[in-house]
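Okay, so here's the structure we're looking at.
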There are 6 protein chains.
Amino acid sequence: MTIAVYPGSFDPVTLGHVDVIKRASRVFEEVRVCVMKNPKKHYLFSEKERLAFLTESTKQYSNVMVDAYQGLLTEYVRAKNARVVIKGLRSSGDFEYEKQMDFFNKRLAPEVETLYMAADNAYSVLSSSAIRELMTFGGSLDGLVPEVVLDAAAKRMGGKA
Amino acid sequence: MTIAVYPGSFDPVTLGHVDVIKRASRVFEEVRVCVMKNPKKHYLFSEKERLAFLTESTKQYSNVMVDAYQGLLTEYVRAKNARVVIKGLRSSGDFEYEKQMDFFNKRLAPEVETLYMAADNAYSVLSSSAIRELMTFGGSLDGLVPEVVLDAAAKRMGGKA
Amino acid sequence: MTIAVYPGSFDPVTLGHVDVIKRASRVFEEVRVCVMKNPKKHYLFSEKERLAFLTESTKQYSNVMVDAYQGLLTEYVRAKNARVVIKGLRSSGDFEYEKQMDFFNKRLAPEVETLYMAADNAYSVLSSSAIRELMTFGGSLDGLVPEVVLDAAAKRMGGKA
Amino acid sequence: MTIAVYPGSFDPVTLGHVDVIKRASRVFEEVRVCVMKNPKKHYLFSEKERLAFLTESTKQYSNVMVDAYQGLLTEYVRAKNARVVIKGLRSSGDFEYEKQMDFFNKRLAPEVETLYMAADNAYSVLSSSAIRELMTFGGSLDGLVPEVVLDAAAKRMGGKA
Amino acid sequence: MTIAVYPGSFDPVTLGHVDVIKRASRVFEEVRVCVMKNPKKHYLFSEKERLAFLTESTKQYSNVMVDAYQGLLTEYVRAKNARVVIKGLRSSGDFEYEKQMDFFNKRLAPEVETLYMAADNAYSVLSSSAIRELMTFGGSLDGLVPEVVLDAAAKRMGGKA
Amino acid sequence: MTIAVYPGSFDPVTLGHVDVIKRASRVFEEVRVCVMKNPKKHYLFSEKERLAFLTESTKQYSNVMVDAYQGLLTEYVRAKNARVVIKGLRSSGDFEYEKQMDFFNKRLAPEVETLYMAADNAYSVLSSSAIRELMTFGGSLDGLVPEVVLDAAAKRMGGKA
């Protein structure tokens with residue numbers, strides 16, 4: 001059985017992330033979406049919120065599990081007996097960065113393979129940080145994030161007004 | 001069971017190709033290396049030779065099969081009940097090209113996923129056409145192609161002299 | 001009054017083209033879509049068809065005109081008293097190519113400015129040649145071309161069967 | 001009447017900026033050069049100086065106005081009844097960044113179009129930050145900035161000695 | 001003594017080429033500009049003309065020699081006891097191509113080093129093929145080619161009229 | 001005699017750096033590897049260590065000298081009567097950055113030429129910062145750094161355990 005790990009901050013999850021998860025869930029027996037916790041980083045949404053958003057927006061995929069982890073990605077992958085890390089690629093700039101990560105991860109865990117999926121064009125410039133910017137300036141998130149995030153964002157933005 | 005297809009011309013197979021095949025064979029239950037036949041294209045090595053090179057250089061991977069096909073990649077993938085196409089990415093230029101292919105294949109067969117692997121750095125500028133050029137001008141192929149190709153190339157280059 | 005020229009082969013026009021035309025029609029007083037005729041090039045659709053597709057799919061924009069021209073783009077621009085050429089940019093690769101064209105056109109007609117629009121993400125890997133490829137292999141054109149082209153393409157593809 | 005906005009920090013204005021302004025002034029009825037004020041950012045030249053530099057170096061273009069604004073670009077554009085934002089593109093890296101900005105602005109103000117101009121080759125690696133670096137280390141600014149900036153920079157650099 | 005070879009088609013030599021030659025002549029004891037002859041290629045200017053253009057436009061650099069060669073670059077480099085090949089880099093696209101050539105040449109002659117110079121910005125989109133295009137369509141070559149080429153091009157273009 | 005300067009932080013020196021030094025030492029009469037000191041930057045290895053690593057790992061190249069300098073690169077180059085700066089290029093992204101540096105240095109010292117070498121593929125994603133990351137997380141440095149650095153890193157990493 002091939003288990004794939006899909007790591008990220010997911011602050012918040014976007015429809016681009018959900019698309020990658022859906023496609024990965026058709027290819028691998030189990031997909032573990034893993035919220036990587038970086039104690040030095042400040043997040044807009046709490047870990048609990050981010051996990052809830054992911055759980056809600058992937059509930060229709062029965063072989064997808066949502067998790068959180070603090071530490072090295074390769075350690076998590078090994079602990080779960082996974083062999084594959086999934087990443088979405090939006091642009092050639094993404095790929096240059098990912099080659100560095102791949103090199104790094106291969107050194108720490110040569111048996112782990114990173115596999116890339118081309119992002120759907122509709123999401124090719126979409127990122128969690130773009131969502132946070134749009135929230136700051138009151139831009140519409142419609143068609144960019146799952147409904148559960150739309151609602152949470154509306155509350156946040158409303159609280160501001 | 002997830003079957004992955006690794007398509008190409010393999011004229012001839014390089015150690016970069018063999019590295020991708022080896023890594024894919026660890027992730028997927030079955031890997032079908034498929035020599036795509038294009039009747040309009042002229043090849044340096046015959047189909048029979050290319051298949052023999054691939055068979056010989058992947059014989060240590062028991063879940064790898066070698067095949068040839070004339071037609072659309074997506075048709076082959078469906079005929080074999082595969083759901084995954086594997087591609088190696090060497091550079092960001094490769095990715096720009098692959099995004100076009102991905103778009104095209106998704107239109108023909110939305111259920112088929114293309115997954116990319118970053119090429120090992122050692123092979124990041126290696127290609128079959130570079131091998132053919134080196135053969136034309138008598139450059140060393142050492143460390144670039146499997147032994148079986150080294151031998152065949154030596155014979156060809158010898159035959160030229 | 002600023003007249004803008006939007007040149008291309010439009011073999012056939014895509015929804016990416018139509019999106020650029022629509023956006024340009026809001027900015028410039030007049031937009032002249034110009035089918036550039038290259039006698040050395042072979043086209044899938046006749047000039048008459050290509051003009052008809054463009055006319056039909058831009059009829060809701062009253063300040064858009066459709067035209068055909070054989071010769072240098074800059075000559076056409078001058079003949080129409082236009083000062084602006086509009087181009088869509090899909091990728092950074094597109095931009096590298098366009099910089100060459102810009103340099104060339106500036107030498108022939110320094111008073112003509114080329115202005116670029118970023119393609120809508122939905123169309124960021126879409127091109128007329130991709131459409132022709134999809135037609136060859138029976139892929140769906142849905143959501144990629146205007147209705148009038150969908151119909152014409154269906155007839156062509158049907159005629160093949 | 002089409003009004004175009006050309007936004008930036010202009011700390012200080014370079015001849016690359018002036019070239020874009022000149023070209024835009026030939027295409028649009030009115031060009032509003034807008035010094036965007038970011039209270040969190042530290043500038044080398046005061047807002048007053050930056051406005052003076054721009055006013056002086058664009059005085060020969062009668063349809064160019066110089067302005068300053070603190071807030072969202074799209075708000076300024078709307079307030080001025082402009083429909084176009086002008087940006088200069090120097091490299092394909094610039095374009096990747098601008099695609100993100102375009103996506104963001106389109107969400108906030110879908111009716112505003114961003115149009116790009118390829119930078120003149122002579123200015124393709126020139127930026128305000130490069131000018132500030134050169135000032136720090138005593139490099140020549142000749143041919144890179146308008147005369148008024150040359151003079152101001154000389155005074156600053158002299159004051160240092 | 002370090003001898004550097006600067007290879008190319010030089011059909012015709014541009015001011016971008018002359019700039020690289022001038023800069024190389026300050027660094028290396030001897031610079032051999034080598035017109036590479038490809039019997040399968042069709043040239044606009046004859047070999048004799050191209051050599052004459054190069055000789056005339058580099059005559060002020062006493063350590064620059066002009067040569068022609070048919071065969072492999074690395075063979076020429078070895079025959080001249082040179083250890084260095086000089087190439088101009090205009091864009092990151094150029095570099096991707098040059099990495100392939102570097103790989104190829106290193107296989108044929110590991111002792112030969114290719115050294116790259118960043119093209120002067122003024123010449124960053126200039127190429128011999130752009131010059132030939134401009135000649136075809138009557139564009140000005142002013143500031144793009146040495147005087148001797150300007151004269152020859154004027155004659156050619158005049159002969160056309 | 002042509003003296004070339006190879007500048008960097010070398011925190012620590014990698015086998016990619018050593019490869020560039022070795023190749024430069026075959027081309028230039030003297031190669032000065034210069035540890036650039038930036039008082040605002042925090043280093044993992046002390047200046048003394050970094051110099052010792054470089055000295056040890058280049059001792060077989062008799063025309064290579066190791067140095068340290070605080071100040072502008074161009075000042076150091078002039079002080080040593082050098083005319084050439086050597087840089088390794090790993091990717092097209094590197095080149096975009098280097099063009100900016102080249103522009104800057106040319107302004108400060110027009111007589112100094114920067115020459116680029118394509119990094120060996122084996123080292124195309126290797127950097128000092130990748131080494132420091134690997135040390136932090138206990139990844140293997142084998143085949144990435146000279147032996148003297150391997151030993152020092154092992155001590156550091158041991159001291160951590």
Side-chain angles (χ1 to χ4, degrees), chain E residues 1-6 16 19-32 61 63 77-78 80-107 109-125, chain F residues 1-6 16 19-32 61 63 77-78 80-107 109-125:
Chain E
M1 190 178 86
T2 306
I3 302 170
V5 172
Y6 181 50
D19 181 62
V20 170
I21 294 167
K22 180 187 73 185
R23 290 155 64 192
S25 77
R26 292 181 188 154
V27 170
F28 298 100
E29 275 80 358
E30 187 180 314
V31 176
R32 287 192 163 263
Y61 312 117
N63 62 335
V77 173
R78 281 176 166 168
K80 297 300 172 190
N81 287 313
R83 253 174 315 180
V84 171
V85 170
I86 287 289
K87 294 282 183 84
L89 282 182
R90 291 167 305 171
S91 67
S92 46
D94 271 12
F95 181 59
E96 291 300 323
Y97 171 78
E98 290 294 344
K99 274 206 299 189
Q100 309 271 349
M101 292 301 294
D102 199 69
F103 171 79
F104 179 75
N105 286 329
K106 268 268 156 26
R107 281 275 149 176
E111 82 281 9
V112 175
E113 285 299 336
T114 302
L115 295 173
Y116 305 95
M117 273 183 182
D120 188 286
N121 296 320
Y123 309 125
S124 64
V125 294
Chain F
M1 190 177 86
T2 307
I3 303 170
V5 171
Y6 181 50
D19 181 62
V20 170
I21 294 167
K22 179 186 73 185
R23 290 155 64 192
S25 76
R26 291 179 188 156
V27 169
F28 298 101
E29 275 80 358
E30 187 179 313
V31 176
R32 286 192 164 263
Y61 312 116
N63 61 336
V77 172
R78 281 175 166 169
K80 296 300 171 191
N81 288 313
R83 253 174 316 179
V84 171
V85 170
I86 286 290
K87 294 282 184 82
L89 282 182
R90 291 168 304 172
S91 67
S92 46
D94 271 12
F95 181 59
E96 291 300 323
Y97 172 78
E98 290 294 344
K99 275 206 298 189
Q100 308 272 350
M101 293 301 294
D102 199 69
F103 171 79
F104 179 75
N105 287 329
K106 268 269 157 24
R107 281 273 149 177
E111 83 281 11
V112 174
E113 285 298 336
T114 302
L115 296 174
Y116 306 95
M117 274 183 182
D120 188 286
N121 296 320
Y123 309 125
S124 65
V125 294

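To find a chain, count down the sequence lines: A is the first, B the second, and so on, and within it residues start at 1.
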(request) Can you sort out the partners of F/Y6 under ring pair (Phe, Tyr, Trp, His ring centres under 6.0 Å), two or more places apart, ordered by chain and number? (result) F/F10
(message) Taking side chain as everything from C-beta outward and backbone as N, CA, C, O, which of these in F/K87 sits under 4.5 Å from a heavy atom of chain E? Side chain, backbone, both or neither.
(response) neither
(message) Tell me if a side-chain donor or acceptor on E/N63 pairs with a main-chain N or O of E/F28 at a distance below 3.5 Å.
(response) yes
(message) Any non-hydrogen side-chain atom of E/V77 less than 4.5 Å from a side-chain atom of E/R32?
(response) no
(message) Taking side chain as everything from C-beta outward and backbone as N, CA, C, O, which of these in F/E98 sits under 4.5 Å from a heavy atom of chain E? Side chain, backbone, both or neither.
(response) neither
(request) Would you please name every residue forming a side-chain contact (heavy atoms from CB on, under 4.5 Å) with F/S124, sequence neighbours left out? (result) B/N121, B/S124
(message) So for F/V27, is it side chain, backbone, both, or neither that comes closer than 4.5 Å to the heavy atoms of chain E?
(response) both
(message) What residues of residues 110-117 of chain E make heavy-atom contacts with chain F at a cutoff under 4.5 angstrom?
(response) E/P110, E/E113, E/T114, E/L115, E/Y116, E/M117
(message) Measuring only between side-chain heavy atoms, which start at C-beta, is F/E96 closer than 4.5 Å to F/Q100?
(response) no
(request) State whether E/D102 and E/K99 are salt-bridged, where the test is any N-O pair (Lys NZ or Arg NE/NH1/NH2 against Asp/Glu carboxylate O) under 4.0 Å. (result) no
(request) Could you pull out all residues at least two apart from F/D94 that satisfy side-chain contact (heavy atoms from CB on, under 4.5 Å)? (result) F/L89, F/R90, F/S91
